[in-house]
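In what follows, a structure is listed as structure tokens, so that the remarks can point back to it.
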Amino acid sequence: MNKQQLTRNQFARQPAHVVLVDFSPPFGSDTCCQVQQALQDILALAANITGPPRIPFFGLFAIGTYPEALLPLQAVRGNLSKIHSALQELRSFQREGLVGGKTAGCLGQGLQDAMAQFKRQQHLYKQLELMVVTCRPSNIVNKEVERACSVLDMDVLKKVQVVCMSQPEDLGASDLYLMEDSPSNTAASGGEGGLNCGMVDVVHLDNDGVSLHQFLKGWLGDSGTDREHLHITLPGMAGIGALTLKCDLNERILDPTHLLQPLNFALAPDAKGPTSTAQSRTTGSAAPVYKLTAVKLVNTANICESVVYGMPLVVSATSCWKLDWEELESNQTNFHALCHLLQEKGLAILATRDPSPGQNQQKPPRPSPRAHFLLLPSQSTSLLIKSVAVGELLLPCDFISPAEAPAQEAVDTLESSIAQLEVEDMFNPLLVKSGLYSCLTPQVRQAPAATSGQQGKRRFQYSTTSQVPQSSMSAVARHTPHQMRGAQTNQASTNQKVAPYKRPENTQRGRFCPPKAKKSRVFDQEDDMFPDFTPDF
């Protein structure tokens, strides 16, 4: 029986997104600017991420006195200029006074137009996700959306989201707040003819740019649910096999190395950066001297591990011999004092990386992002530096607290399973081996034993009767007749089958005769090197 191959397709189920902006009052110019900026930033980020497209297709509608398609549904990659122009029209849509008046039924008509546009190009898309941005009360908008969904094709429609930018009165101000309507509110707003099928999600956001940015970043996550992402195997109990937990993986931050442009969000000890390979690194390559500027102090107890990433590096006081002795000693003293204060107060330094002087050679110069790092203290005279996530790369993550405790039966099963694992008081990485050395060491293959026929066919063979190889004969043949006399005598005495060398009778040196060379010590030594060798013709 063949085992099923454990593979999955990443970002293969990403839906097409169509945003409908409802300009009905109290939708103002500030809200319009926030929506336009958030869409522009997220779509630019999605277009510059390598790999499968995370937001494959995007469309934009403006709902005023009539629904207007500002951007037909099309691919995000390669169309950023068109998307930017459409978002600029979104601002002019309100400035030109195309809102107000009778808007009843316009939202439902806009939803139907978006679905019809999707149907015409359905061979390019898999699923469609609609989002309505409004400032009207959620119960009123929810009724209109559910009434429109009753005539839409629900097979290709993944979800309809109603994003209300108006803050509820009973909620306090917060930097980031997302709240879905309670089931009682949804049921009350369903009204007659409402579907009440769970396809419409009503979400309340703070009327600011931060909450909308984080909400739209949810489009960048993997929407596929065809297969689990991770298997965790735990020891099984007696008579029961191993316990396997099947899980999904969710990105906490976007990997900066997956961006199309090298934005240097990490410190690399080599010149090529964190993406260089072992073959591309050369000895003695020039690496930049980084400059970090401290901007804030952060309490180490309040740093979440999920926002710290990258290759950890240890920072210590320099031992550069080019510095003056007094400067070197003063630098080490100050660095020691800094480590002591940070460790004593439980603080870390948040620092930004200053761009290199020659980093931007383009005209006009292109702005470069500022990477942020955390300098964490330790008990020794050194610091640990790691990259920390920034707002543009941080993805939304749901940290949901369970409403009730887990079932006691499951707790007993897991407790007996993990009880079989050994408990280590301290993790020592030196005692944990991965088998890397054996993978890097080349496999030395022993040569197969030579056969009896192959043993005699070697390049140089020495027997009781030594023979000169053919390569040596070419050198001997180039000697003068005077130097060949010694070899002639040895040849005649050791091998009678070879005819002795005869000097040509014509003593006159013609055009093709070699010149008479003087006897030198070098040739005498060469003649004595092979006294018993006989050339094999």
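Residue numbers run from 1 in the order of the sequence given. Bear in mind the structure is a predicted one, so any value in this text is a computation, not a measurement. All values below were derived from every heavy atom in this structure, side-chain atoms included, with hydrogens, water molecules and symmetry-related copies excluded.
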Has the side chain of [X] got a donor or acceptor atom that lies under 3.5 Å from a matching backbone atom of [Y]?
X      : Y      : value
Lys82  : Val76  : no
Ser382 : Ser378 : no
His258 : Ile49  : no
His213 : Gly209 : yes

Donor-acceptor side-chain pairing of [X] and [Y] below 3.5 angstrom:
X      : Y      : value
Gln109 : Asp113 : yes
Gln34  : Asp30  : no
Ser211 : Asp206 : no
Gln40  : Gln36  : yes

What distance do [X] atom [atom1] and [Y] atom [atom2] have between them, rounded to the nearest 0.5 Å?
X      : Y      : atom1 : atom2 : result
Leu341 : Lys345 : CG    : NZ    : 6.5 Å
Leu374 : Ile385 : CG    : CD1   : 9.0 Å
Asn139 : Glu144 : CG    : CD    : 10.5 Å
Cys339 : Leu375 : SG    : CG    : 9.5 Å
Leu292 : Asp354 : CG    : CG    : 7.5 Å
Asp248 : His229 : CG    : NE2   : 4.5 Å

Report task. Decide yes or no on side chain to side chain contact (heavy atoms under 4.5 Å, CB included) for Asn48 and Leu80, but give the supporting numbers first. Result -> CA-CA 10 Å; Asn48 285 275; Leu80 275 182; 4.2 Å; yes
Query raised in the report: Should the pair Glu392-Lys217 be classified as a salt bridge under the 4.0 Å nitrogen-to-oxygen rule?
Result: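 Salt bridge between Glu392 and Lys217, a charged N being under 4.0 Å from a carboxylate O: no.
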Decide yes or no for [X] and [Y]: does some side-chain heavy atom of the first lie under 4.5 Å from some side-chain heavy atom of the second?
X      : Y      : value
Ser387 : Phe265 : no
Ile349 : Leu338 : yes
Leu212 : Gln37  : no
Gln127 : Arg13  : no
Pro53  : Gln14  : no
Phe23  : Leu90  : yes
Leu20  : Met131 : no

Looking at every non-hydrogen atom in both residues, tell me the closest pair between [X] and [Y] and how far apart they are.
X      : Y      : result
Gly108 : Ala148 : CA-CB, 3.8 Å
Thr244 : His231 : CG2-CB, 4.0 Å
Ala114 : Leu128 : O-CD2, 4.3 Å

Is the number of heavy atoms from other residues, nucleotides or ligands under 6.0 Å of [X] [atom1] greater than 12?
X      : atom1 : answer
Lys158 : NZ    : yes
Arg8   : CZ    : yes
Asn9   : CG    : no

Show me the donor-acceptor pairs within less than 3.5 Å that the side chains of residues 300-316 make with the rest of the protein, sequence neighbours left out.
unit_1, atom_1, unit_2, atom_2, d
Thr300, OG1, Gly346, O, 3.1
Ser306, OG, Arg252, NE, 3.4

Report task. Could you walk me through whether Val203 and Phe215 pass side chain to side chain contact (heavy atoms under 4.5 Å, CB included), step by step? Result -> CA-CA 10 Å; Val203 179; Phe215 179 75; 4.1 Å; yes
Query - Results of ring pair (Phe, Tyr, Trp, His ring centres under 6.0 Å) for Phe58 - residues two or more places apart only - result: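 By the ring pair (Phe, Tyr, Trp, His ring centres under 6.0 Å) rule, Phe58 matches no residue at all.
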